[in-house]
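Okay, so here's the structure we're looking at.
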Protein chains: 2
Amino acid sequence: MKHKSNKSSICPVARSLDVIGEWWSLLIVRDAMLGVKRFSEFERRLGMAKNILTSRLKLLVEAGVLQLVPASDGSAYNEYELTQKGKDLLPTMVALRQWGEKYMFGNGDDHSELHDKKQHKPLAPLIVRSADGRKVGVEDLELVSSNATS
Amino acid sequence: MKHKSNKSSICPVARSLDVIGEWWSLLIVRDAMLGVKRFSEFERRLGMAKNILTSRLKLLVEAGVLQLVPASDGSAYNEYELTQKGKDLLPTMVALRQWGEKYMFGNGDDHSELHDKKQHKPLAPLIVRSADGRKVGVEDLELVSSNATS
DNA sequence: CCGTATCCATTCCGATACTG
DNA sequence: CAGTATCGGAATGGATACGG
């Protein structure tokens with residue numbers, strides 16, 4: 001994610017990737033969704049260098065995905081928590097996770113699972129639906145743009 | 001996306017990102033979903049250098065997201081089309097798109113829209129649900145893993 | 001404990017030129 | 001048209017070392 005998309009890209013996918021399209025960003029959001037708030041805990045769980053963790057956190061804060069809040073334990077440091085914008089990445093995260101579960105694991109190796117707290121069972125698969133509730137696949141789509149490009 | 005996740009990562013999100021976590025990859029998949037098949041058309045629409053287009057296409061083919069098929073027009077070249085694995089990225093793509101639509105555009109600038117062909121209307125928002133159909137948010141989740149890490 | 005600052009190796013991306 | 005080859009600049013990522 002070097003170049004960033006043309007600021008003028010009219011494609012929402014491209015603009016989203018500007019913010020969360022690099023390797024670590026989504027993993028940070030993932031952990032934040034699980035309640036991770038502290039710098040050191042991100043560092044420990046993700047196993048990444050501090051400087052780039054700093055950099056990514058800063059970008060995510062600037063992008064409005066995370067916000068800094070005073071530490072809950074009274075210490076002098078910050079905690080990072082998801083804004084609503086960040087929480088709204090949940091469908092993206094779940095979609096990515098379900099795809100990975102389906103295709104990126106053999107029968108041998110097991111993976112972590114996201115459960116809902118009440119049932120202690122995996123989530124339902126995400127389904128793409130039309131406005132009136134029909135299931136739609138890639139063949140049922142068309143792109144509409146004021147201009148031309150995707 | 002330099003390092004690739006530890007091959008042993010048990011997190012499906014991380015493994016998914018190994019394949020589609022870099023800037024261009026998802027944009028290629030996006031265009032493929034709209035029916036783009038030819039090298040030059042990817043190049044033209046994405047405005048990227050040929051060498052890296054070549055490289056990304058190769059990776060996506062190796063990953064089983066795209067497959068090479070003989071050109072439909074009888075020319076000597078290849079066409080790239082989505083495999084089922086690739087088509088199953090639709091929820092991810094839609095999630096990313098809807099998030100971008102919501103947060104990455106002011107009222108001034110307009111964006112492309114994905115419609116379903118029948119209704120010619122935007123898709124329904126993706127909703128994350130539990131196995132028994134309740135809406136769930138980030139607060140309702142728990143991570144279960146054989147080991148410990150996400 | 002929470003970062004920031006440096007340094008270095010690697011990789012990525014874009015431009016260009018070249019081939020069949 | 002569909003790539004491959006090469007080159008250089010920029011940015012990333014990791015390892016420290018350092019400071020509040």
Side-chain angles (χ1 to χ4, degrees), chain A residues 1-9 14 17-32 35-63 66-81, chain B residues 1-9 14 17-28 31-32 35-63 66-81:
Chain A
M1 195 83 16
K2 184 134 327 180
H3 201 210
K4 299 281 171 183
S5 74
N6 236 330
K7 213 16 178 196
S8 53
S9 172
L17 288 174
D18 279 344
V19 176
I20 50 159
E22 354 185 36
W23 174 245
W24 292 113
S25 304
L26 258 185
L27 295 181
I28 290 173
V29 172
R30 176 199 66 183
D31 279 4
V36 175
K37 291 176 188 301
R38 298 294 282 251
F39 187 93
S40 61
E41 202 179 355
F42 284 113
E43 185 192 3
R44 185 179 56 75
R45 292 173 55 97
L46 297 171
M48 63 194 295
K50 296 185 197 205
N51 50 359
I52 97 172
L53 176 56
T54 300
S55 155
R56 289 294 166 276
L57 287 172
K58 196 168 298 182
L59 285 174
L60 288 171
V61 169
E62 283 168 8
L66 295 176
Q67 61 186 333
L68 284 162
V69 298
S72 50
D73 62 354
S75 63
Y77 306 108
N78 293 316
E79 297 189 341
Y80 300 86
E81 57 183 44
Chain B
M1 193 88 14
K2 183 134 328 181
H3 201 212
K4 300 279 173 184
S5 74
N6 234 332
K7 215 7 182 204
S8 53
S9 172
L17 288 174
D18 280 343
V19 175
I20 50 157
E22 351 184 39
W23 175 244
W24 293 113
S25 303
L26 257 186
L27 295 181
I28 291 173
D31 279 4
V36 175
K37 293 176 188 300
R38 299 292 281 250
F39 188 93
S40 60
E41 203 178 355
F42 283 113
E43 184 193 5
R44 185 179 55 75
R45 293 172 55 95
L46 296 171
M48 62 195 295
K50 295 185 195 206
N51 49 358
I52 98 173
L53 176 56
T54 301
S55 155
R56 289 294 167 278
L57 287 172
K58 197 169 297 181
L59 284 174
L60 288 171
V61 169
E62 283 169 9
L66 295 176
Q67 60 186 333
L68 284 162
V69 299
S72 49
D73 62 352
S75 64
Y77 306 108
N78 293 316
E79 296 190 343
Y80 300 85
E81 56 182 45

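Chain letters run A, B, ... following the sequence lines, proteins first, then strands; residues in each count from 1. The model shown is predicted, which means the values in this text are computed figures rather than measured ones.
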Review point. Any side-chain N or O of A/W24 less than 4.0 Å from the OP1 or OP2 oxygen of D/dG14?
Key: yes
Review point. In whole angstrom, what separates A/I52's CD1 from C/dT4's P?
Key: 14 Å
Point to revise | Gap between atoms CG and P, on B/L17 and D/dG13 respectively (whole Å) | key: 12 Å
Exercise for review: State whether the side chain of A/S55 and the backbone N or O of A/N51 hold a donor-acceptor pair below 3.5 Å, judged by distance alone.
Suggested key: no
Revision key, fill the gap. Heavy atoms of A/K50 and A/F39 approach each other most closely as O-CZ, 3.9 Å
Check your understanding: Any side-chain N or O of A/Y80 under 4.0 Å from OP1/OP2 of C/dG3?
Key -> yes
Review point. Is there side-chain contact between A/V36 and A/I28, with heavy atoms separated by less than 4.5 Å?
Key: no
Point to revise | Over all atoms of both residues, closest heavy-atom pair of B/K37 and B/E41 | key: N-OE1, 4.3 Å
Revision key, fill the gap. Separation of C/dC13 atom C1' from B/I28 atom CD1, nearest Å, is 13 Å
Review point. In whole angstrom, what separates B/L46's CG from D/dG3's P?
Key: 15 Å
Check your understanding: Given atom CD of A/E41 and atom C1' of C/dG3, what is their separation to the nearest angstrom?
Key -> 16 Å
Revision key, fill the gap. Output row for DNA chain C, stems defined as at least 3 consecutive Watson-Crick or G-U pairs under 3.5 Å, is C:3-20 with D:1-18
Practice item. Answer with base, sugar-phosphate or nothing: what part of the nucleic acid does A/F42 contact at a heavy-atom distance below 4.0 Å? Key: nothing
Exercise for review: Begin with the C-alpha distance, continue with both residues' side-chain angles, and end with the deciding distance and a verdict on side-chain contact (heavy atoms from CB on, under 4.5 Å) for A/L68 and A/L57.
Suggested key: CA-CA 10 Å; A/L68 284 162; A/L57 287 172; over 6 Å; no
Review point. Minimum heavy-atom separation for A/W23 to B/L17, with atom names?
Key: CZ3-CB, 3.2 Å
Point to revise | Closest contact, heavy atoms only, A/N78 versus A/R38 | key: O-CD, 3.9 Å
Study note, to complete from the structure: Here the distance between atom P of D/dT12 and atom CH2 of B/W23, to the nearest Å, is 13 Å
Point to revise | Interatomic distance where CG belongs to A/L68 and P belongs to C/dC2 [whole Å] | key: 13 Å
Review point. B/A14 and A/R30: which non-hydrogen atoms are nearest, and at how many Å?
Key: CB-NH1, 4.4 Å
Study note, to complete from the structure: With B for base contact, S for sugar-phosphate-only contact and - for none (protein heavy atoms under 4.0 Å), nucleotides 15-20 of chain C reads B----B
Practice item. Taking all heavy atoms of B/V19 and all of B/L60, pick out the closest pair and write down the distance. Key: O-CD2, 4.3 Å
Practice item. Figure out the CE/P separation between A/M48 and D/dT16, and round it to whole Å. Key: 17 Å
**Study point:** Touch class at under 4.0 angstrom, heavy-atom based, for B/T54 against every strand present
**Key:** base
**Study point:** Below 4.0 Å: OP1/OP2 of C/dC2 and any side-chain N or O of A/R38
**Key:** yes
